[in-house]
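Hydrogens, waters and symmetry mates are skipped; everything else that's a heavy atom, side chains included, is used. Below, read A as the first sequence line, B as the second, and so on, with proteins coming before strands; counting in each chain starts at 1.
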Amino acid sequence: MAITAVKGFNDILPDESGRWQYIEQTARRVFELNGFGEIRVPVMEKTELFCRSIGDATDIVEKEMYTFTDKGENSVTLRPEGTAGVMRAFIEHKLYAQDPIAKLYYLGPMFRYERPQKGRYRQFHQIGAEITGVNEPLADAQVLNMLTTFFREIGLTEPTLQINSLGCPECRPGYRAALRSFLEERMEHLCEDCKRRFVTNPLRTLDCKVPGCIEATSGAPSVLEHLCSACDDHFSSVRRYLDLSSTPYSINFRMVRGLDYYTRTTFEMVTGLLGSQSAVAAGGRYDGLISQLGGPSIPGIGFAMGLERVALLLGSQKFVSLPDLFIATMGGAERDVAFRLMDGLLKSGVRVELDYEGKSLKSQMRRADKLKARYSVVIGGNEVTSGRASFKRMADGIQTDSALTVADIRSLVGKSDL
RNA sequence: GUGGCUAUGGUGAAGCGGUUAACACAUACGACUGUGACUCGUACAUGCGAGGGUUCAAAUCCCUCUAGCCACCCCA
């Protein structure tokens, strides 16, 4: 038996990688335009980092982490998400000392031991961005704006923005209590999972998909009505800024987060096109995280988006570059000339393909067609002696005579000067 | 962790116990005397996810395993 890849770990073949590069390049461009700089952090961290940031009792930490003991007897974990590692680096290098405001983005693989399905794999990729040091709702709005812009730039209209506020340590306990007493009266209508959630995390009952639960919780109190005045003001300002920038959004007071560190503003870019994987990007404010990790008391806000999910939304569009010219040759002697010509053209930025194996002219032309080369040229004895050749535009078969020089060919195939 | 579905060549697939595993696409080469696309010809699974079993005979029946997909849980 040949060796196969590990379950949930996928290869990205050349056919698809163009789409990935397109996503990554678009993200980099949009993020850098907004003043974000890339930070590259390790894929592995001490296990404790994730326990303290994501939360000990979350599903991610409890059952989805790739955790093991290394040869030095340290418990290490393959990062299940990006924010924790970025904040660890932020604190470790005292980035806040150089500049009280940091705008960082990252991209790379994340690892979660889950059962794979559509849009969800054990190794998956995220691109995320974080702003630290800003309490003002302006930061929330810029992040949301940037995320919306990214999806517009990449050519997708489908994921739409939903926002909510989770309040802060001041007001959330009050809401939780109010929700609990509401649920208590409807216990018998809740599913088994929700009865469990009632104890562990009552907010979770709000996004249960069981019809009975949806009905039972339809009149549930909203977090938004239990925000303290500071949180309420913050949320109103965020909404006002979104309106000022014409950023479309809807409010979803039932939205919850799977990571414990979120406070105040939370949001998701959601789609109905990916089955149960509706969240394409998600994030929120995490004002307590940095101090919780042993850093100074600095607020933060950020998001992460799932590259696989964005790629699925882009569909099977191909993002490949096509050769400008295919050079066919008649025989061995001409191949030397063709090779030198290709070398010169490549160095001047013309994408050239050449027959490698001395095949028949028929085969060479078929290959030119298959590669979708824009032009083809045949180099034989006549061309070598005259220094000129006929360049065939493949789309319509029209041939144009031109000298076999890099400059002339460049202008013929339509590459503007550097 | 729990459920359901599916496993035949590079791909999509026929085949439902019996001679050389259909067909299409893709691929390779060739025919139209140094030029692709259309047309035509030729080649292309000693093997039907893996391992057992039943049978004179198994891709087709039985058992075990494995993988993939989809959903739940949870999440990006």
Verify, without hydrogens or angle tests, whether [X] (side chain) and [Y] (backbone) share a donor-acceptor contact under 3.5 angstrom.
| X | Y | value |
| --- | --- | --- |
| A/Asp324 | A/Val413 | no |
| A/Gln162 | A/Met269 | no |
| A/Gln364 | A/Thr329 | yes |

>> So if I define the base as every atom that isn't primed, P, OP1 or OP2, how would nucleotides 32-41 of chain B read as a B/S/- string at a heavy-atom cutoff under 4.0 Å?
In response: B-BBBB----
>> Return a single string for nucleotides 67-76 of chain B, one symbol per nucleotide in 5' to 3' order, where B is base contact, S is sugar-phosphate-only contact and - is none, cutoff 4.0 angstrom on heavy atoms.
In response: -S-SBBBBBB
>> Is the phosphate of B/rG30 approached by A/Ser360 (side-chain N or O, under 4.0 Å from OP1 or OP2)?
In response: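 It does, given that an N or O in the side chain of A/Ser360 lies less than 4.0 Å from OP1 or OP2 of B/rG30.
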Need the pair for [N]. Rule: Watson-Crick or G-U wobble, both distances under 3.5 Å, any strand; none if unpaired.
| N | value |
| --- | --- |
| B/rU19 | none |
| B/rU46 | none |
| B/rC40 | B/rG30 |
| B/rU6 | B/rA67 |
| B/rU11 | B/rA24 |
| B/rG1 | B/rC72 |

> Parallel, tilted or perpendicular for A/Phe31 and A/Tyr105, by the 30°/60° rule?
Replying inline: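 Perpendicular, since the angle between the ring planes exceeds 60°.
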>> Ring-plane angle category for A/Tyr286 and A/Tyr262, please: parallel below 30°, perpendicular beyond 60°, tilted otherwise.
In response: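 Judged by the thresholds at 30° and 60°, the geometry between A/Tyr286 and A/Tyr262 is perpendicular.
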Distance between [atom1] atoms of [N] and [M] (Å, rounded):
| N | M | atom1 | answer |
| --- | --- | --- | --- |
| B/rC65 | B/rC44 | P | 39 Å |
| B/rC69 | B/rA31 | C1' | 45 Å |
| B/rC16 | B/rC61 | P | 10 Å |
| B/rC73 | B/rA14 | C1' | 39 Å |
| B/rU46 | B/rU6 | P | 27 Å |
| B/rG47 | B/rG3 | C1' | 34 Å |
| B/rA57 | B/rA67 | P | 32 Å |
| B/rG12 | B/rG17 | C1' | 27 Å |

> Is A/Lys359 paired with A/Glu357 through a side-chain N to carboxylate O contact shorter than 4.0 Å?
Replying inline: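 Result for this pair is yes, salt bridge flagged.
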>> side chain to side chain donor-acceptor pair (under 3.5 Å), that's the test. Do A/Asp140 and A/His234 meet it? Break it down for me.
In response: CA-CA 10 Å; A/Asp140 307 42; A/His234 187 95; 2.9 Å; yes
>> I want to confirm an ordering. Mapping A/Tyr113 and A/Ser363 to their closest nucleotides on RNA chain B, which one lands closer to the 5' end?
In response: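 So the residue in question is A/Tyr113.
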>> Looking at A/Tyr113, I'd like to know if the NZ or CZ of A/Arg122 sits under 6.0 Å from its six-membered ring centre while staying within 45 degrees of the ring's axis.
In response: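 Relative to the ring axis of A/Tyr113, which defines the angle, A/Arg122 lies inside both limits.
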>> If you count every heavy atom of other residues, nucleotides or ligands that lies below 6.0 Å from A/Glu170 atom CD, does the total exceed 12?
In response: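 No, the 6.0 Å shell around CD holds no more than 12 heavy atoms from other groups.
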> So does A/Glu32 have more than 12 non-hydrogen atoms from other groups sitting under 6.0 Å from CD?
Replying inline: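 Check passes, neighbour count above 12.
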